[in-house]
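Only one structure is covered here, and it is reproduced in the block below.
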Amino acid sequence: MKFKVNQDTCIGCGLCEGTCPAVFHMTDAGVAEAIPDDVPAGEEANAQAALEGCPVGAIEKVEG
Ligand code: SF4
């Protein structure tokens, strides 16, 4: 399972990085980015929490 950030929607609040830094980080452009790889073992719940907590719904889950 992977996650993806829609950077056109992201408002750069930093919540996802704070919730799941193993998957999300802020870029120099001030928006979030998800790692391109599968979510590390044990981080699925945190990544899902970040998705659900994003105030603008900019995070989507990509199966596979
Ligand atoms: S929680 Fe949503 S709006 Fe906030 S930085 Fe992450 S993707 Fe962007």
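We count ligands from 1, going down the list as the structure has it; atoms in each ligand are counted the same way.
- A distance of 7.0 Å separates CG of Asn6 from CD of Glu60, quoted to the nearest 0.5 Å.
- Distances from atom 2 (Fe) of ligand 1 show that Cys16 has no N/O/S atom below 2.8 Å.
- Contact atoms of ligand 1 toward Gly14: 4 (Fe), 5 (S) (distance under 4.0 Å to a heavy atom of the residue).
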In sequence, state the C-alpha distance, the side-chain angles, and the governing distance for Val62 and Phe3, and then conclude on side chain to side chain contact (heavy atoms under 4.5 Å, CB included). CA-CA 6 Å; Val62 184; Phe3 284 76; over 6 Å; no
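- For atom 8 (Fe) of ligand 1, the closest non-hydrogen atom on the protein side is Cys10 SG, 2.3 Å.
- When Thr19, Thr9, Ile11, Val5 are ranked by how near their heavy atoms come to atom 3 (S) of ligand 1, first place goes to Ile11.
- If you take CE on Met26 and CG on Leu15, they are separated by 10.0 Å, rounding to the nearest 0.5 Å.
- Residues Glu44 and Gln48 have side chains that never bring a donor and an acceptor to within less than 3.5 angstrom of each other.
- Residue contact check: Val56 has heavy atoms under 4.0 Å from atoms 3 (S) of ligand 1.
- No part of Val31 comes within 4.0 Å of ligand 1, judged by heavy-atom distances.
- Counting the atoms of ligand 1 from 1 in the order shown, those under 4.0 Å from a heavy atom of Cys54 are 1 (S), 2 (Fe), 3 (S), 7 (S).
- Remark: Thr27 OG1 to Gln7 CD distance equals 6.0 Å, nearest 0.5 Å.
- Looking at atom 4 (Fe) of ligand 1, its nearest protein heavy atom turns out to be Cys13 SG, 2.3 Å.
- Phe24 has its side chain within reach of Ile59: a pair of non-hydrogen atoms, C-beta onward, lies under 4.5 Å apart.
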